[in-house]
2 protein chains.
Amino acid sequence: MKANNPRFRSHCPINVTQELVGDRWSLLIIRDILFARKTHYGEFLTSAERISTNILADRLEKLERHGILSKTRETENRSRYRYVLTQKGQDLLPMLLEMIIWGARHDPETAAPAEFVEQLTQHRADFMRQVLAAVE
Amino acid sequence: MKANNPRFRSHCPINVTQELVGDRWSLLIIRDILFARKTHYGEFLTSAERISTNILADRLEKLERHGILSKTRETENRSRYRYVLTQKGQDLLPMLLEMIIWGARHDPETAAPAEFVEQLTQHRADFMRQVLAAVE
DNA sequence: CTGTATCCTTAGGGATACTG
DNA sequence: CAGTATCCCTAAGGATACAG
């Protein structure tokens, strides 16, 4: 009985990562939290890719269940939640940055600011630490 | 009609990367080429995740169409092909390494050798250059 | 061995009405 | 505003027979 442990096709870490956050939406939600500083349900709905309400609720629940983000009540407002990344979620930043570099380099119409990508590419690990510090 | 120019949901580079290689199989094929040095159709079929023949053929064709790998005839054997990564495909290595780090760190049953992950984590950018050099 | 062709099933996703 | 609940549908994937 591995109730908590999802059954992976394999324990290859690449496969595991993909099974946990490789669906169509999870990484975009995490992107919104990390880069657009979004924290509330309604904000995720406004992103360019237009996630629908049921899918968003489902993904938020899954990500919380996997310990990637946590949901906390707003003190002022009873029915308002705040979504923040756990350490496990923040640990996805380096991978996201590599996805940005690759996606931007190979898409002529990329939405990523050229400077940002260039800076990112040059600095890599050092830059990652900077970004993390700024985010925290 | 969906041939050359894929219509992306958005040109966010994270989204683009995911739409190009974010399916269930592409990255595992690329992993096999990069890390297990596989080059032939039959070899991909033997991996732990057990891809089926039609899906494999489909993915190989898609990856070739997107310029991520290239297919060349073996000189000795007419009906044998050799699959190799293009530069665009090799550029995925840093992202794969980050996926390895994250997946291994957060899966207690990971198949990744602890030493490798530790070395990878510590060296990051430098290590990536080493790996690339070794692969080429 | 290197693939195609078929058939079939299902999970994932989208639209939208509804609730507190 | 912050979600649930339904309904529906398609693309993605799996099994397997077959072909060069």
Side-chain angles (χ1 to χ4, degrees), chain A residues 6-10 12 14-15 18-30 32-33 36 38-66 69-84, chain B residues 1-3 6-10 12 14-15 18-30 32-33 38-66 69-84:
Chain A
R7 255 271 72 73
F8 297 118
R9 285 185 297 176
S10 82
C12 165
I14 292 174
N15 179 57
Q18 212 171 26
E19 293 203 35
L20 290 177
V21 294
D23 70 291
R24 218 167 163 64
W25 292 107
S26 293
L27 290 181
L28 301 183
I29 293 170
I30 293 165
D32 283 350
I33 300 180
K38 299 189 176 183
T39 53
H40 295 105
Y41 191 87
E43 298 180 282
F44 301 121
L45 292 176
T46 67
S47 296
E49 296 87 4
R50 315 254 78 203
I51 191 172
S52 65
T53 60
N54 54 341
I55 305 293
L56 176 57
D58 179 78
R59 269 340 99 89
L60 288 171
E61 185 273 333
K62 261 183 190 140
L63 290 171
E64 190 189 11
R65 188 152 43 77
H66 290 130
L69 56 76
S70 70
K71 179 182 185 173
T72 59
R73 274 220 142 75
E74 291 280 348
T75 43
E76 331 93 37
N77 192 334
R78 308 289 307 145
S79 69
R80 193 151 205 246
Y81 290 98
R82 192 157 185 285
Y83 298 94
V84 295
Chain B
M1 264 323 241
K2 38 136 71 169
R7 257 266 81 68
F8 297 118
R9 286 186 295 177
S10 82
C12 165
I14 292 173
N15 179 58
Q18 213 171 27
E19 293 202 34
L20 289 178
V21 294
D23 70 291
R24 218 167 163 63
W25 293 107
S26 293
L27 290 180
L28 301 183
I29 294 170
I30 293 163
D32 282 351
I33 299 180
K38 300 190 177 183
T39 52
H40 295 106
Y41 190 88
E43 298 180 282
F44 301 122
L45 292 176
T46 69
S47 297
E49 296 86 2
R50 315 256 78 202
I51 192 171
S52 64
T53 60
N54 55 342
I55 305 293
L56 175 58
D58 179 78
R59 271 338 99 89
L60 289 172
E61 185 273 332
K62 260 183 189 142
L63 290 171
E64 190 190 11
R65 188 152 43 78
H66 290 131
L69 58 75
S70 70
K71 179 183 187 172
T72 58
R73 275 217 141 78
E74 291 281 348
T75 43
E76 332 91 37
N77 192 332
R78 307 292 308 147
S79 71
R80 192 149 204 249
Y81 291 97
R82 193 158 184 284
Y83 297 94
V84 296

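Just so we're on the same page: letters track the sequence lines, and every chain starts at 1. These values consider heavy atoms only, across backbone and side chains, with no hydrogens, waters or symmetry-generated copies.
Between its opening and closing five pairs, the helix from C:dC1-D:dG20 to C:dG20-D:dC1 changes axis direction by 40°, a value rounded to 10 degrees.
Atom CZ in B:R59 sits 12.5 Å away from atom CG in B:L69 (nearest 0.5 Å). Remark: A:I29 CD1 to A:I55 CD1 distance equals 10.0 Å, nearest 0.5 Å.
Contact of B:T53 with C:dT2 (side chain to base): no donor-acceptor pair of N or O atoms is detected under 3.5 Å. At a cut-off of 3.5 angstrom, the base of C:dG13 holds no donor-acceptor pair with the side chain of A:D23.
Residue B:F44 is out of contact with every strand shown, counting any heavy-atom pair closer than 4.0 Å. Within the 4.0 angstrom heavy-atom criterion, no nucleotide atom of any strand lies near A:D58. Using a 4.0 Å heavy-atom cutoff across all strands shown, A:K62 reaches no nucleic acid atom at all. Residue A:R50 is classed as having no contact, given no heavy-atom separation below 4.0 Å to the nucleic acid.
Taking only side-chain nitrogens and oxygens, B:Y83 comes nearer than 4.0 Å to OP1 or OP2 of C:dG3. Put simply, B:R59 has a side-chain N or O that comes within less than 4.0 Å of OP1 or OP2 on D:dG13. Taking only side-chain nitrogens and oxygens, B:R80 comes nearer than 4.0 Å to OP1 or OP2 of C:dT2.
The side chain of B:W25 sits closest to D:dG13 out of D:dG13, C:dT4, C:dG14.
Remark: P of C:dT10 and CD1 of B:I55 are 16 Å apart, rounded to the nearest angstrom.
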